[in-house]
2 protein chains.
Amino acid sequence: MNSVCSISAPKGRPREFDIDVALGKALLVFWRNGYEAASMTELTSAMGITKPSLYAAFGNKEALFNKALDLYEREKLAYMTSALDAPSARGVAERLLRGALEMQMSTCDPKGCLGVISAATCGAEAETIKAAVVKRRASSEAALIRRFEEAQAAGELPEGMTPAALTRFLFAILQGLALQGGSGATCTELSELVATSMAVWPTK
Amino acid sequence: MNSVCSISAPKGRPREFDIDVALGKALLVFWRNGYEAASMTELTSAMGITKPSLYAAFGNKEALFNKALDLYEREKLAYMTSALDAPSARGVAERLLRGALEMQMSTCDPKGCLGVISAATCGAEAETIKAAVVKRRASSEAALIRRFEEAQAAGELPEGMTPAALTRFLFAILQGLALQGGSGATCTELSELVATSMAVWPTK
DNA sequence: ATGCCTATATACCGCTCGGTATGAATAGCG
DNA sequence: CGCTATTCATACCGAGCGGTATATAGGCAT
């Protein structure tokens with residue numbers, strides 16, 4: 001009886017595809033096209049499965065997107081949380097900018113930022129999608145604000161510059177970086193943008 | 001014979017709607033929804049005309065969008081060219097930021113920037129749309145770069161900071177401003193973003 | 001071997017999309 | 001008046017959309 005140690009006993013016919021691999025393929029399609037423009041036909045063909053399999057495994061298109069968004073945050077946005085460990089506010093900003101730059105310069109992944117693309121893509125149908133993305137961004141923002149509050153307590157911030165304002169300023173640059181990256185900017189242009197941002201970053 | 005002074009003698013049945021008013025309505029729909037998500041049904045209903053009238057007057061959806069984009073640049077982005085008249089690079093930046101902020105805070109117009117929305121919305125179908133928007137942005141960028149070259153010649157820029165890099169930095173902030181404005185940021189948050197940007201703007 | 005349960009594949013659903021054929025209405029011109 | 005030219009309104013087109021009904025294939029326990 002070795003069935004005890006195994007994860008479970010899947011009773012019916014076993015699934016013929018790897019659900020995580022398929023989700024990764026779906027992520028790439030959403031990333032390239034945005035939520036609305038990614039059709040089920042393109043998704044299923046990229047994932048190598050048929051529509052009923054997709055619906056059985058993921059629910060529907062919106063649920064699939066949310067799971068892809070989870071994967072995106074977990075794998076591609078890991079640098080955002082790890083950046084908070086930097087010893088100074090300036091170090092946090094630099095890590096965030098360099099992390100975002102590295103992502104845009106990666107040749108294997110699509111350009112642009114899935115979050116930025118999805119938030120800007122605002123068909124009336126996709127209102128709930130937009131809300132989900134904005135909500136996720138808000139939690140990242142909150143974490144960054146908390147980190148900058150520590151920095152402020154440590155006396156790192158110039159007077160009259162609130163942690164929240166600095167956070168939104170940095171986010172604006174990151175969003176601009178992703179947008180320009182998705183619009184055909186070259187790697188040198190983007191790294192110049194990062195360099196300029198670091199050059200003007202406030203020092204008390 | 002007073003037909004000489006008139007523009008022309010339109011022979012057939014006269015058009016029953018004002019083509020410029022209709023274009024303005026179409027612009028609002030594109031602005032709110034982006035190119036792809038703006039359906040012909042919503043467009044015609046907002047414009048108060050039927051589909052055949054729309055096609056006869058504007059060609060097709062893409063041509064309508066381009067004409068709406070013309071109108072948008074002419075009316076809503078006028079501050080971008082007038083900002084170049086500011087006496088210093090810093091003044092140019094301030095005028096651009098304040099102009100963008102004013103647009104986001106206007107209560108009558110949709111939030112966000114039509115250009116930003118349309119460039120980020122990149123279904124494979126809308127590739128040509130995206131290219132048109134990016135091309136227009138490039139010409140604005142070029143104008144700003146030229147203005148900052150003058151500033152550099154006047155000794156306004158810090159060493160090692162090229163006009164092109166400063167332009168893309170400023171554009172990134174403007175894009176971030178539009179994106180946050182389109183994602184539900186409040187007016188005070190956006191004006192804080194502008195204030196922070198001006199606070200860190202390089203002074204030689 | 002026989003049910004049982006699940007995944008697969010095909011074919012299909014209603015709906016909306018951008019775009020158009022068609023015929024009636026309305027003007028100028030002879 | 002008739003003729004021509006243009007716009008208007010209705011109704012329609014093929015195609016693609018997200019999503020599903022149905023039937024078959026394939027592992028498990030009994």
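So that the names make sense, note that chain A is the first sequence line, chain B the second, and so on, each numbered from 1. Atoms considered below: every heavy atom in the structure, side chains included; atoms not considered: hydrogens, waters and symmetry mates.
One atom, CG of B:Leu54, and another, C1' of C:dC17, lie 15 Å apart when rounded to the nearest Å. A straight line from CG of B:Asn33 to P of C:dC17 spans 11 Å, rounded to a whole angstrom. Rounded to a whole Å, the CZ atom of A:Phe58 is 14 Å from the C1' atom of C:dA7. Computed from coordinates, the B:Ile129 CD1 to C:dG18 P distance equals 12 Å when rounded to whole Å. Atom CD1 in A:Ile49 sits about 12 Å away from atom P in C:dA7, given to the nearest Å. Between A:Met40 atom CE and C:dG14 atom P there is a gap of 20 Å when expressed in whole angstrom units. Between the C1' atom of D:dT6 and the OH atom of B:Tyr55 lies a distance of 19 Å, rounded to the nearest Å. In this structure, B:Met47 atom CE and D:dC8 atom P are separated by 11 Å, rounded to whole Å.
Regarding contacts with the backbone of C:dT8, a side-chain N or O of A:Ser53 is found under 4.0 angstrom from either OP1 or OP2. Under 4.0 angstrom from either OP1 or OP2 of C:dC4 there lies no side-chain N or O belonging to A:Lys11. Under 4.0 angstrom from either OP1 or OP2 of C:dT8 there lies no side-chain N or O belonging to A:Thr50. The side chain of A:Thr41 places no N or O atom within less than 4.0 Å of a non-bridging phosphate oxygen (OP1 or OP2) of D:dG16.
In this structure, a donor-acceptor pair under 3.5 Å is present between the side chains of B:Ser53 and B:Thr50.
Summarising the local packing, CD of A:Glu102 is surrounded by 12 or fewer heavy atoms from other residues, nucleotides or ligands at distances under 6.0 Å. Counted within 6.0 Å of NZ on A:Lys67, heavy atoms from surrounding residues, nucleotides or ligands total more than 12; the atom is thus considered enclosed.
Closest to the side chain of B:Glu16, out of D:dG18, C:dG18, D:dC8, is D:dC8. In this structure, of D:dC17, D:dC8, C:dT8, it is C:dT8 that holds the atom nearest to the side chain of A:Phe17. Residue B:Lys61 places its side chain closer to C:dG18 than to any other of C:dG18, D:dG19, D:dC17.
Remark on DNA chain D: of its neighbouring residues A:Glu42 and A:Gly59, the 5'-side contact belongs to A:Glu42, judged by nearest-heavy-atom nucleotide. Both B:Glu62 and A:Pro14 sit near DNA chain C, but only A:Pro14 has its closest nucleotide nearer the 5' end.
A:Pro52 comes within contact range of at least one nucleobase, with a heavy-atom separation under 4.0 Å.
To the nearest 0.5 Å, atoms CG (B:Leu144) and CG (B:Leu96) are separated by 6.0 Å.
Side-chain N/O atoms of A:Arg13 and base N/O atoms of C:dT6 include no donor-acceptor pair closer than 3.5 Å. In the interface, the side chain of B:Lys51 is paired with the base of C:dG19 through a donor and an acceptor atom under 3.5 Å apart.
A perpendicular orientation is assigned to the rings of A:Tyr72 and A:Trp31, their planes being inclined by more than 60° (bins at 30° and 60°).
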